[in-house]
Protein chains: 2
Amino acid sequence: MAQKPKSATDAVEILRRRTYDGKPERLKSLEETRANEEIARKIHELRAQAGLTQTQLGKLIGTTASVICRLEDADYEGHSLAMLRRIAAAMNQRVEIRFVPIRRSA
Amino acid sequence: MAQKPKSATDAVEILRRRTYDGKPERLKSLEETRANEEIARKIHELRAQAGLTQTQLGKLIGTTASVICRLEDADYEGHSLAMLRRIAAAMNQRVEIRFVPIRRSA
DNA sequence: TTGTGCTTTCGCAAAATTGCGAATAGAGTT
DNA sequence: AACTCTATTCGCAATTTTGCGAAAGCACAA
């Protein structure tokens with residue numbers, strides 16, 4: 001419906017190569033690591049803005065301070081949508097998710 | 001630093017009550033369910049736009065069609081940041097996450 | 001009808017995330 | 001010094017998400 005239904009297999013191969021070959025994990029180490037740092041920072045910022053301690057925020061979302069601490073650790077790579085939503089909800093916010101096109105080099 | 005460091009415990013209690021009491025899971029059933037539906041729809045849309053089948057997209061991110069199908073199911077509640085990123089990356093997009101203030105009734 | 005391609009559902013094992021207590025560290029106060 | 005509050009780190013069990021094959025459904029064409 002969208003495009004040529006057939007011979008799409010080739011295009012998929014090309015896309016796959018473009019995505020995984022060459023830079024198998026480099027992109028994850030750069031762009032994704034950066035994203036994780038940003039999330040950690042945002043959580044910390046949100047909590048600080050509300051004047052809450054980790055223990056207090058933890059209680060608010062039904063968990064402990066060590067969990068909050070982990071979330072605010074810039075090196076933490078396990079961020080989940082579920083947790084972000086819990087944090088957001090406790091702060092009277094919501095998590096907005098958008099897919100935004102990335103510019104391929106120049 | 002942000003506000004009165006002491007006697008904040010009371011405020012936390014108030015916030016906790018406001019968040020969990022009264023509507024313990026109702027908010028999750030409404031706002032969160034809606035959010036999940038939207039994510040499912042966005043994934044489907046993204047894939048359709050690229051003219052890919054579930055099998056093709058699955059291969060692209062290193063999984064199978066059944067997984068993609070699950071992601072596009074409006075009733076699916078297990079969406080994760082990790083998976084959204086894989087989808088996005090395969091489509092040459094990135095996942096943008098924002099905390100946005102929610103309006104408290106009137 | 002058969003066949004083909006795509007999607008959907010189901011079940012369970014594997015992997016990832018969360019829960020949580022305990023211990024440690026740091027800063028500030030008395 | 002001791003005391004208090006906060007933050008951080010560690011380890012492991014519990015829960016959640018993912019992987020993946022198999023089977024069935026659906027639409028369309030031959």
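FYI, side chains are in, hydrogens and waters are out, and symmetry mates aren't considered; it's all heavy atoms of this structure. All chains are named by letter (A, B, ...) in the order of the sequence lines, taking the proteins before the strands, and each is independently numbered beginning at 1.
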B/Q54 CD - D/dG19 P separation (whole Å): 15 Å
Length of the CG-C1' vector between A/D73 and D/dT9, whole Å: 10 Å
Student check: side-chain heavy atoms of A/I61 and A/V67 closer than 4.5 Å: no
Trace of the side chain to side chain donor-acceptor pair (under 3.5 Å) decision for A/T53 with A/T55: CA-CA 5 Å; A/T53 67; A/T55 301; 4.5 Å; no
Spacing between A/I68 atom CD1 and D/dT9 atom P, to the nearest angstrom: 15 Å
Sequence-aligned protein contact record of nucleotides 17-24 of chain C, with B where the base is within under 4.0 Å of a protein heavy atom and S where only the sugar-phosphate is: SBBBB---
Nearest-Å distance for atom pair CD1/C1', residues B/I39 and D/dT17: 14 Å
Whole-Å gap separating C1' (C/dT7) and CD1 (B/I43): 16 Å
Partners passing salt bridge (charged side-chain N to carboxylate O under 4.0 Å, His left out) against A/R70 (at least two apart in sequence or in another chain): none
4.5 Å side-chain heavy-atom contact, B/H79 and B/L71: yes
Spacing of B/L52 atom CG relative to C/dG5 atom P, expressed in whole Å: 17 Å
pair B/Q54-B/T64: side-chain heavy atoms closer than 4.5 Å: no
Non-neighbouring partners of B/E37 that pass salt bridge (charged side-chain N to carboxylate O under 4.0 Å, His left out), sequence neighbours left out: none
Nucleotide C/dG5, atom C1' - distance to NZ of B/K59 in whole Å: 13 Å
